[in-house]
Amino acid sequence: MEPQTNSGPLKWTLITASAVFLSVFLLLPLAYIVATALRQGMDAYLAAITDKYTCKAAWLTIQATLWAVAVNTVFGIAAAWCLTKFAFRGKKIISTCIDLPVTVSPIIAGLIYLLTFGRQSFLYPYLDSWNIKIIFAVPGIVLATIFVTFPFISRELLPVLTAQGTDEEEAAALMGAGAFTIFRKVTLPHIKWALLYGVVLCTARAMGEFGAVSVLSGHLWGKTNTLPLYIELLYQGYDFTGAFAASSLLVVMAIIILALRLWLERRGSKELDIRK
Amino acid sequence: MNEHAAYVELRNINKHFKDFHATRDVNIAIPRGQLAALLGPSGSGKTTILRMIAGLEQPDSGEILIGGRVVNNVPGSERGIGFVFQNYALFRYMTVFDNIAFGLRVKKAPETAIRERVTELLGLIGCSGLENRYPSQLSGGQRQRVAFARALAPNPQILLLDEPFAAIDAKVRLELRTWLREMITRLHITSIFVTHDQDEAIEVADEIIVTNKGRVEQTGSPQELYSHPSTPFVARFIGNSIPVKDYTRFRYFERFGPQTEAVLRPEFIGIFKKGEKLQYASSAEEGVVEDIIFRGSSLEIRVRLHDNLLSAIRSVNDPAIHVGEKVDVFIYRLFIIDGGRVTLAHNQSLKKESVVI
C-alpha cells in the first residue's frame, strides 16, 4: 500500500491513538516502577538491589538464560538444518513438536516436569540413588527455561534456510568439502544474523519466564529463586521498594536486549542489501 | 585410447522418485572432448540424468561409467567433474576470488598456486579486476562466467551444466552461447549441458540427446535430428513444427500408410504471390493469407490451406503480401507420422518435372 500523505486527520488520529496506548500500557507502568523503587530514597534503592538475595536471584536468572540459549542454539541449528536440508518421514511431526512450547501454557510445562522427575515418578528412585536433584533445584529451573524457549532459535532459522535452498551446499560438496566445512563456510554466514536475532529473542523470553519455573522452583530463598519469582515474593511480603528495585534490574536487562535487537536488525538488513 | 570410445557412458539407467519414473532404460555414450546437449521439455528427465552423472542422485539400476570405470559408488567429488548449477549457486557470502578458489582450498592446494590459477581463470573469463566483488554485485552474464570458472578451477575431466543460459536475458544469452562454445572447444573438456531450448542445443552442441518422458528419443548431430527425426516426438519437437491431420489432401502427396498425420516445417513450404514466377506453378495450391508477423529480418506468413493453418517464411525483399490475399502455396516435403515411425515424403511433382527435364 502507498503511504498516505494527504489525509492529515487520519494520520494524526492514528499517531495519537498509538501514543496514548503506549503511554498507558507501557510508559506509565515503567515510570511507576522507577518511582516506586526510588520512593524511599536512593540509599534504600541501592540497598535493595545489592541485597544478597537479589544478587543471587539475578545470577540464577542469568545462569538459566545462558543455559537455555546455549542448549537451544545447538538444538535450534540442528533442527532447522535437518528440517530444511533433508527429506524424511515424520518431518511434519518434528516441525509441529517444535512449536509445542508456544502453544502449551508454561504452567503445564512445569507440571509435566514435576510429574516426570518428581517423587511420584518411576524415575525418582534412580535419580535419587545417583543423588541427582531436578525438582526444586537449579536443574529444574534450567530445564523449564529451555522448554519454554526452545522454538525461538529454530523458528528464526527455518525461513532463512528454506529460502536459501540446497544448491550452494551441493556445489560445495561436489568440490569435495566435508559437512563441517560446508556448514562453516556456506551455511553459517547465511544464517548468522537470523541466528543472533533468535538468540536475542530467546534471551528475552528466558529472562522473563515465570510460570514453568514457578512450578519447579520451590521458592527456596537464595537457592531457587529467579528474579521474576523473587520479585513476586517480595511484593507479596509488602516490600515494595525491594520488589520494584528488583523489577528495575529486569527492566534494565530488557532494555539492553532491546538495544541489541535494534542494532542486529540494522546490521542484518544492511548486509542483506549488499549480498542478497 | 580410441578417440571415439565413450568417455561418459550410461547403461540401462533407471530412476524413480516415489511413483514417478524419472529415467527409463537410458543408454548414453559421449566421447571424450565432445560437447553434448540433453534436450527435452521440462519433466523429461534430463536434469535427473545430469545429476546422476554428477553423483547428486543415485540411479535405482544401471551403470554409470566415466573413462571406462563404473562410478556408481564413487562420490561426486571424486568423479573429476565440474558442475554449473542452473542459478549458478555461487557462494553469496564469498567474493569472486574466494568462490573460484573454493575447490582448490578444499583440496589443500598451496596458496600461491591458488592465486595463480584463479588469476588465470579470471583472465580466461574476462573478469579480471572483479575478484573482490560479491556475486550480488555482478551482472547475470558475469555470474555465469564466474560459475563456469569455479567449476573449472580444480581441472575437472568433465563439465556438467544445468540450463546454463536460463537465467540470463535474451541478448546476453546469445553472446554467452558463442562464448561458452569457444571456451569448451578451446579447453577440449568433455561437456554435457541440459536445456529445454532447441535453438540453444542446435547452436552449441556437437551432439544432441533428445529426452522425453524419461526416455532417450534420439541421439545425433543437430543436422541429423533436424533432417532425419526418428520418432514422432522428435519430428514435432525440433524445428517450428506444424501438425497436419490429413496430408493426403495436399496435392502430389500419395497415401503412405494407414495413418494420415504429418508434420510440416516453415522451410518446407513456399508461398508465392499470384503471377509471381514459379517453377512448379501448375502443382501449387491456392491458400488465403490470414496473418502476417513481422520478424525483423523476415516475415512469417500464416496461410489457410485445406483447413490447416500453415506458417512459412518470406524475405522482406520479396513482393509484399497482404492479409486476405489469395496466394499460391507449394509444399516441398513433409514428415509423415506413421505409428511410431517418421517418413520423409517429397512432393511428387518435383520428381515428374525432373523426369521431363
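Since this is a predicted model, take the numbers as computed values, not measurements. In what follows, every chain begins at residue 1, and chains take the letters A, B, ... in the order their sequences are listed.
Figure legend: A:R267 and A:W193 shown without cation-pi pairing, the cationic atom not lying both under 6.0 angstrom from the six-membered ring centre and within 45 degrees of its axis. A cation-pi arrangement is absent between B:K18 and B:F20, since the terminal nitrogen or guanidinium carbon is not both under 6.0 Å from the aromatic centre and inside a 45° cone about the axis.
Interface remark: B:R51 contributes side-chain atoms only to the contact with chain A (heavy atom separation under 4.5 Å). In this structure, the portion of B:L90 lying under 4.5 Å from any heavy atom of chain A is its backbone and not its side chain. Proximity to chain A involves both the backbone and the side chain of B:F91, based on heavy atoms less than 4.5 angstrom apart. For a residue to count as touching a neighbouring chain, one of its non-hydrogen atoms must lie under 4.5 Å from one of that chain's; by this rule A:A173 touches chain B with the backbone only.
At a cut-off of 3.5 Å, with distance as the only test, no side-chain donor of B:T95 or B:N132 sits close to an acceptor on the other residue.
Ranked by heavy-atom pairs shorter than 4.5 Å toward chain A, the options B:E78, B:R150, B:K107, B:Q86 are led by B:R150.
Look at B:K171 and B:E175 and you find no salt bridge, because none of the NZ, NE, NH1 or NH2 atoms lies under 4.0 Å from a carboxylate O.
Between A:F150 and A:F147, the ring planes lie perpendicular to each other; the angle is over 60°, past the 30° to 60° tilted range.
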